[in-house]
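Here is the structure we will look at.
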Amino acid sequence: MIIAIDGPAGAGKGTLSKLLADYLGYPYLDTGALYRATALSFIKNAADPEDPTVAKSTVESIIIDMIDGDDLRTSEVTLASSKIAAIPAVRAALLDYQRKFAHRPPGAILDGRDITTVVVPEANVKLFVTALLEVRALRRYQELLDRGEVSIYDKVLTEIKTRDEQDKTRTSAPMRKADDAIEIDTSYLKPLGVLRIALNIISRRQKENFKILSL
Ligand code: CDP
């Protein structure tokens with residue numbers, strides 16, 4: 001089973017994906033981390049992301065040597081990731097890896113911005129996780145404080161707004177809710193409440209598949 005999750009920054013996609021991965025025992029791919037790692041590599045090497053050959057070799061190197069951790073979540077890398085994510089050469093270079101990850105048995109959970117629409121539109125379960133802008137900004141602000149970083153709520157709110165706008169309006173794989181994705185608004189829910197809703201959707205989908213198979 002492939003579970004595809006999209007949604008804007010701070011909506012709770014990552015939290016839900018990790019809980020689902022633990023609960024179902026499926027591998028999880030945070031595709032945002034791929035874009036962040038690619039952005040960091042471009043910043044470090046001052047390379048040209050518009051050049052398809054450079055984009056391909058950068059992506060190959062970050063997939064082999066996946067950088068992780070706080071380096072990827074600085075405000076510089078966050079904004080750069082959204083900028084380079086609009087470049088078709090970068091998206092094309094990352095596509096194959098994501099698709100292969102999704103199709104490896106027994107299944108996978110992927111989250112991002114174009115998972116339900118471009119990466120695996122054939123996913124068995126498609127979710128669009130969202131929340132009010134102010135709630136998302138507050139969560140991000142709290143995350144930064146918890147990591148011991150100096151953070152200003154208004155700045156976080158502006159950054160999220162800028163990124164949402166860039167992600168929604170780009171021509172290459174813009175963030176949007178797929179027609180057949182189920183929306184979960186997490187504004188007033190705790191992580192386990194969101195998990196419960198998602199598990200209900202997944203079990204309904206499994207029952208539907210079972211009915212089709214036994215016809
Ligand atoms: O964690 P957060 O939701 O703030 O962001 P992320 O998922 O780590 O993604 C960082 C950036 O990568 C996003 O703002 C998008 O521009 C880009 N991205 C994308 O374009 N497509 C994806 N499938 C995943 C991320």
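Each ligand, and each atom within it, is numbered from 1 in the order the structure gives. Computed from a predicted model, the values in this text were never measured in an experiment. Note: hydrogens, waters and symmetry copies are ignored here, and every other heavy atom, side chains too, is used.
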Subject >> Set of side-chain hydrogen bond (donor to acceptor under 3.5 Å, both in side chains) partners for Lys83, sequence neighbours left out >> reply: none
**OP:** Not counting sequence neighbours, which residues clear salt bridge (Lys or Arg N to Asp or Glu O under 4.0 Å) with Arg139? List them please.
**Re:** none
Subject >> Test: Lys56 and Glu60 ion pair at under 4.0 Å >> reply: yes
**OP:** Measure from the side-chain N and O atoms of Lys126 to the backbone N and O of Asp180, and report whether any donor-acceptor pair falls under 3.5 Å.
**Re:** no
Subject >> side-chain hydrogen bond (donor to acceptor under 3.5 Å, both in side chains) partners for Ser187, two or more places apart >> reply: Asp185
Original post:
Regarding His103 and Glu122, is there a side-chain donor-to-acceptor distance under 3.5 Å anywhere?
Top reply: yes
Subject >> Residue shell around ligand 1, heavy atom under 4.0 angstrom >> reply: Ala9, Gly10, Lys13, Thr31, Gly32, Tyr35, Arg36, Arg73, Ser81, Ser82, Ala85, Arg91, Gly112, Arg113, Asp114, Ile115, Arg140, Arg163, Asp167, Arg170
